[in-house]
Amino acid sequence: MTHGNIARFGKRLPLGHWPGSVVALLQTPALKADRDALLFSAKSFAAAMLAYYVALRIGLPRPYWAVLTVYIVSQTSAGASLSRGVYRLAGTIVGAVATVAIVPNFANNPMLCSVALASWIGLCLFFSLLDRTPRAYAFVLAGYTASLIGFPGVADPGAIFDTASLRVQEISIGILCAVLVHRFVLPKQMTGAFLGKLRATLSAARKLAGDALKGEPERAIRTDRYRLSADLLMLQGLGTHLPYDPAPATPHSRKLQLIHDRLARLLPLATEVEDRILALEADGVLTDGEVETLRRDVAEWIVLTDMAERDRQALPLIERASTVQMRLADHDSTHRELLAANLAGHLAELVGLLHDCDDLSSAIASGGRNRPEAALHWSGKARGYVYHRDPRMAARTALGAAIGIVLGCAFWIWSAWPDGGLAVSLLGVACALFGNVDAPAPNVVKYMVGSVYGVAISIAYSFVILPRVSDFGVLVAVLAPAFLFGGSLQARPATTYKALGITLTIPILAGLGSHYGADFAETLNSVVALFVALLFAVVSMGLFQTIAPDAAINRLRRLNRRDVARLARGGGGPNEAGWTSLMVDRTALLLPRLGISRHSADDVLEETIRHLRLGHVVGQIFSLSQSMGGDIARDLYSLLGEIAEHGEAPVEPIDALVRLLSESKAPQREPLLGLLIDLRFALSSAKITHAEGVA
């Protein structure tokens with residue numbers, strides 16, 4: 001392939017028109033996923049060929065890197081493609097700079113150089129595991145790039161700067177082409193998907209609240225809670241790409257944080273309401289009376305479909321519930337009346353949270369054109385989603401990756417394998433790219449399966465088809481079937497890793513360079529290096545980077561207990577929104593692991609909800625205890641110390657504090673009474689069914 005021929009490349013093909021019957025068929029829900037996958041594949045292929053053409057015209061020596069980059073960066077939505085491209089570019093530049101800094105300084109000691117590169121890759125993986133946002137991709141690429149450039153450059157450290165500079169140029173072209181095509185050619189906006197998921201999540205939240213009020217079976221309420229936790233994590237994943245979305249107006253980040261705070265609080269609040277109703281119904285307290293009427297009216301309000309009517313009834317319901325709470329919590333109240341007052345207060349909070357969600361969702365959907373009413377709850381700074389981060393587990397995984405890479409380097413240097421640098425570089429890529437899950441080896445196996453197809457296709461192209469191609473238009477036509485097939489698989493989550501094995505293997509092995517120069521021996525050596533690297537990655541990841549589901553679950557449970565103890569001692573301050581959001585994220589992390597563990601899913605998740613409630617209460621009790629004095633303060637500190645030490649407390653001290661507070665005129669009497677009742681329920685593993693249960 002000559003540059004003279006390249007000058008004639010890139011002719012535009014006119015777009016045809018789909019027949020009306022085909023368009024109608026593609027609009028059916030059953031084929032929507034296929035339609036989206038085909039569109040994504042066509043756009044990715046167009047971006048890849050554009051990047052290849054530009055890299056050829058500039059004269060870059062390895063233009064296939066631009067093609068690879070397109071398929072690594074491309075996502076099914078325009079916003080995700082842009083954010084991924086930005087983070088990839090940042091990571092590539094940092095990784096290239098690190099490689100240039102490491103390799104020349106250890107040029108005389110290949111093993112020491114390998115250890116330094118492996119340590120850098122492990123460090124990048126560590127920070128990517130701690131970050132857990134799309135920004136983590138920048139850390140992955142900083143390690144990925146160092147592996148690709150650094151290990152092959154150990155044999156020729158003098159050329160490392162030129163190599164790094166060329167890789168950055170080639171990758172930048174791929175990023176630019178992928179972003180331009182996905183953003184401006186039939187862009188798929190993420191804002192619409194986010195708003196659809198938000199509507200579904202709000203519906204699930206109202207169902208959870210309604211089921212708790214109606215006394216639905218415990219299994220149904222548990223399912224509602226688990227679904228809400230998973231939905232909040234999915235919403236966060238979609239929301240992080242919204243600033244990059246090409247939609248005319250994207251939701252404001254503060255509104256997203258506010259609505260998340262309220263939905264997260266609803267998770268334990270529904271359990272609080274359910275517990276109070278079951279406890280009071282046991283003695284017939286809710287059979288008649290104002291509290292029962294209030295409960296019924298709130299349940300009817302929740303299922304209203306008319307937004308205007310819901311809005312009109314919300315504030316009166318909140319005022320009624322607050323009035324009932326104050327009346328029942330006076331100084332002459334019985335213990336049962338205090339419990340009913342506690343329920344009324346939670347009902348007021350429940351209506352307020354759902355009403356806020358209605359206002360905020362309306363503001364988000366309209367792009368901020370209508371201003372939501374003042375927040376009824378948590379009027380302070382919005383927290384938004386709080387990610388669980390575990391430095392110890394991240395360090396374990398990162399160290400395992402570094403050990404695996406060092407062992408691979410030791411074999412390469414000891415054996416003096418000529419293609420060992422390529423194999424080790426691919427090993428480093430696998431450790432960085434696939435190391436963000438508990439069990440990465442199965443994903444590497446999927447990639448390996450895809451690579452088998454990629455190798456077969458590449459050999460056919462390299463030695464049968466491409467020698468007969470001398471025009472860029474013909475080249476695009478002959479490459480289209482393989483890349484369109486691989487791209488359509490990449491758009492489907494179940495086959496993404498297998499697809500990458502195809503789309504990332506073909507450009508290298510098929511010889512998509514600046515000119516045709518296929519060499520069978522070189523291709524065979526590269527294939528051997530590829531599969532040796534992947535097989536070694538499977539073994540090393542299984543040994544050093546895999547975390548058993550039961551171990552991960554037990555780690556999260558220990559952290560929950562530790563953090564409850566910290567809150568009981570006053571650590572972290574009264575940050576209820578942050579604590580609730582953190583525990584929601586941990587619940588979402590537990591859900592997929594419980595499906596493949598020996599633990600009882602219901603028991604572990606119920607324990608997590610219990611810790612969520614317990615931490616929420618003890619943090620507030622500690623804060624209020626600072627303004628108390630005398631016997632009340634002493635007993636509160638003793639109670640909190642018991643919880644911090646053992647994770648639980650006997651009933652008697654709580655009962656005594658309730659009696660003492662009921663007879664006192666302490667300034668924080670009412671809120672503290674409510675919190676002690678909440679604590680009593682949070683500590684109890686069984687529903688309170690008789691009068692002594694609260695007193």
Side-chain angles (χ1 to χ4, degrees), residues 10 12 15 36-58 60 62-96 128 131 133-142 144-145 148 165-194 237-251 433 476 479-480 483-484 486-488 490-491 496 499-500 503-504 507 512:
R12 280 192 169 182
L15 293 176
D36 291 345
L38 290 172
L39 177 61
F40 167 81
S41 182
K43 290 164 61 177
S44 298
F45 180 65
M49 292 301 98
L50 175 62
Y52 185 40
Y53 179 77
V54 172
L56 284 171
R57 293 293 295 170
I58 293 174
L60 295 175
R62 296 186 179 180
Y64 56 76
W65 276 107
V67 178
L68 292 175
T69 300
V70 168
Y71 281 96
I72 293 175
V73 167
S74 293
Q75 299 292 293
T76 53
S77 74
S81 292
L82 177 57
S83 67
R84 195 174 179 92
V86 169
Y87 294 132
R88 177 172 172 79
L89 180 60
T92 298
I93 293 172
V94 172
S128 74
D131 191 279
T133 70
R135 185 175 56 238
Y137 190 61
F139 294 110
V140 171
L141 262 295
Y144 177 117
T145 303
L148 284 174
S165 175
L166 290 170
R167 289 303 86 79
V168 170
Q169 294 175 59
E170 292 153 357
I171 288 170
S172 299
I173 290 171
I175 292 171
L176 180 62
C177 292
V179 168
L180 288 176
V181 171
H182 284 287
R183 193 169 187 84
F184 295 108
V185 179
L186 299 175
K188 183 180 179 182
Q189 297 177 357
M190 185 165 282
T191 300
F194 175 84
L238 293 171
T240 52
H241 296 293
L242 290 179
Y244 301 90
D245 205 47
T250 57
L433 201 57
V476 171
L479 290 175
F483 279 103
L484 290 174
S488 67
Q490 188 171 329
T496 296
L500 287 173
T503 55
L504 303 188
L512 297 184

Practice problem: Evaluate the side-chain contact (heavy atoms from CB on, under 4.5 Å) criterion for residues R167 and R62: first the C-alpha distance (whole Å), next the side-chain angles of each, then the deciding distance (0.1 Å), finally the verdict. | Solution: CA-CA 8 Å; R167 289 303 86 79; R62 296 186 179 180; 3.6 Å; yes
Practice problem: Please test I72 against Y144 for side-chain contact (heavy atoms from CB on, under 4.5 Å), starting from the C-alpha separation and ending with a verdict. | Solution: CA-CA 12 Å; I72 293 175; Y144 177 117; 3.1 Å; yes
Exercise. Starting from the C-alpha separation in whole Å, work towards a yes-or-no answer on side-chain contact (heavy atoms from CB on, under 4.5 Å) for L512 and L479.
Key: CA-CA 10 Å; L512 297 184; L479 290 175; 4.1 Å; yes
Practice problem: Just do the side-chain contact (heavy atoms from CB on, under 4.5 Å) check on S77 and H182 with the steps written out, would you? | Solution: CA-CA 7 Å; S77 74; H182 284 287; over 6 Å; no
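With sequence neighbours left out, L186 forms a side-chain contact (heavy atoms from CB on, under 4.5 Å) with L39. D36 meets the side-chain hydrogen bond (donor to acceptor under 3.5 Å, both in side chains) test with K32; sequence neighbours excluded.
The heavy-atom pair separating L238 from A193 by the smallest distance is CD1-O, 4.2 Å. Pairing each heavy atom of F40 with each of A491, the nearest pair is CD2-CB, 3.5 Å. Between F45 and V476, the shortest heavy-atom contact is CZ-O, 3.4 Å. In this structure, V67 and P507 approach most closely via the heavy-atom pair CG1-CG, 3.8 Å. Listed here is the closest heavy atom pair of V70 and A51: CG2-CB, 4.0 Å. Smallest separation of non-hydrogen atoms from A142 and V94: CB-CG1, 4.2 Å.
In this pair, Y244 and Y87 present their aromatic rings perpendicular. The plane angle is above 60°, beyond the 30 to 60° band.
The side-chain heavy atoms of P246 and Q189, taken from C-beta on, include a pair separated by under 4.5 Å. At least one side-chain heavy atom of L60 sits less than 4.5 Å from a side-chain heavy atom of I173. The shortest distance between side-chain heavy atoms of R183 and L82 falls below 4.5 Å.
Here the CZ atom belonging to F194 is positioned 11.0 Å from the CG atom belonging to D245, to the nearest 0.5 angstrom. Put simply, CH2 on W65 and CD on Q169 are 14.5 Å apart, with the number rounded to the nearest 0.5 Å. Between R88 atom CZ and S81 atom OG the span is 13.0 Å, to the nearest 0.5 Å. Expressed to the nearest 0.5 Å, how far CG of L242 lies from OG of S83 amounts to 10.0 Å. Between the OH atom of Y137 and the CG atom of L433 there is a distance of 6.5 Å, given to the nearest 0.5 Å. Between atom CG of residue L166 and atom CD1 of residue I58 there is a gap of 11.0 Å, rounded to the nearest 0.5 Å.
Judged by distance alone, with hydrogens and angles left aside, the side-chain atoms of T240 form a donor-acceptor pair with the main-chain N or O of G237 at under 3.5 Å. In this structure, T496 contributes its side chain and Q490 its backbone to a donor-acceptor pair below 3.5 Å.
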